[in-house]
Amino acid sequence: MLAYVDTRPRHRNSHRADQERRCPSHLQWLRGRRCCVEGAGCSGRMVAAHVDHAGGKGMAIKVADWKAVPLCDGHHAELHRGARTFEARHGIDLIGAAAAFARRSPHRASFA
């Protein structure tokens, strides 16, 4: 007996909830800042690193853009190997840093 294969088109997620959490201009502003881990062998270009453990992450939903910090490529890769270890090693509170950058952002009106 052959297995039943459902050939109906799948429903796609509208991502409306995710779109409300995006602010590309804030991320671009963050890329123009210095790395949060200053003077510790920064390497590569600057990226806006989302702080996943700040909350609000879900299945197929990224953390809100205002919960991001500027990091160089090297430190961003290190962050993805373990956020808590990264914070302990460099003595940084990423959630607090993301909140501070969000308060100083010239684009805060779009997500406040």
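Under the 4.5 Å side-chain criterion, counting only non-hydrogen atoms from C-beta, Glu78 is not in contact with Leu71.
Cys23 and Asp65 get closest at one heavy-atom pair: N-OD2, 2.6 Å. Nearest heavy-atom pair, Cys35 versus Cys72, reported as atom, atom and distance to 0.1 Å: SG-N, 3.5 Å. Between Leu30 and Pro70, the shortest heavy-atom contact is O-CB, 3.2 Å. Nearest heavy atoms, His53 versus Leu94: CE1-CD1, 4.2 Å. Listed here is the closest heavy atom pair of Val51 and Ile95: CG1-CG1, 4.1 Å.
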Mind listing the side-chain donor-acceptor pairs of residues 42-49 below 3.5 Å, one per line with the distance, residues two or more places apart or on another chain?
none

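In this structure, NE2 on His75 lies 5.5 Å from CZ on Phe86, to the nearest 0.5 angstrom. In this structure, His90 NE2 and Thr85 OG1 are separated by 10.0 Å, a value rounded to the nearest 0.5 Å.
Ring geometry, His26 versus Trp29: the interplanar angle falls under 30°, so the pair is classed parallel (tilted spans 30 to 60°).
The environment of Arg31 atom CZ is dense: over 12 non-hydrogen atoms of other residues, nucleotides or ligands sit within 6.0 angstrom.
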- Task: Would you please test His50 and Leu79 for side chain to side chain contact (heavy atoms under 4.5 Å, CB included) and show each step?
- Result: CA-CA 10 Å; His50 289 87; Leu79 172 66; over 6 Å; no

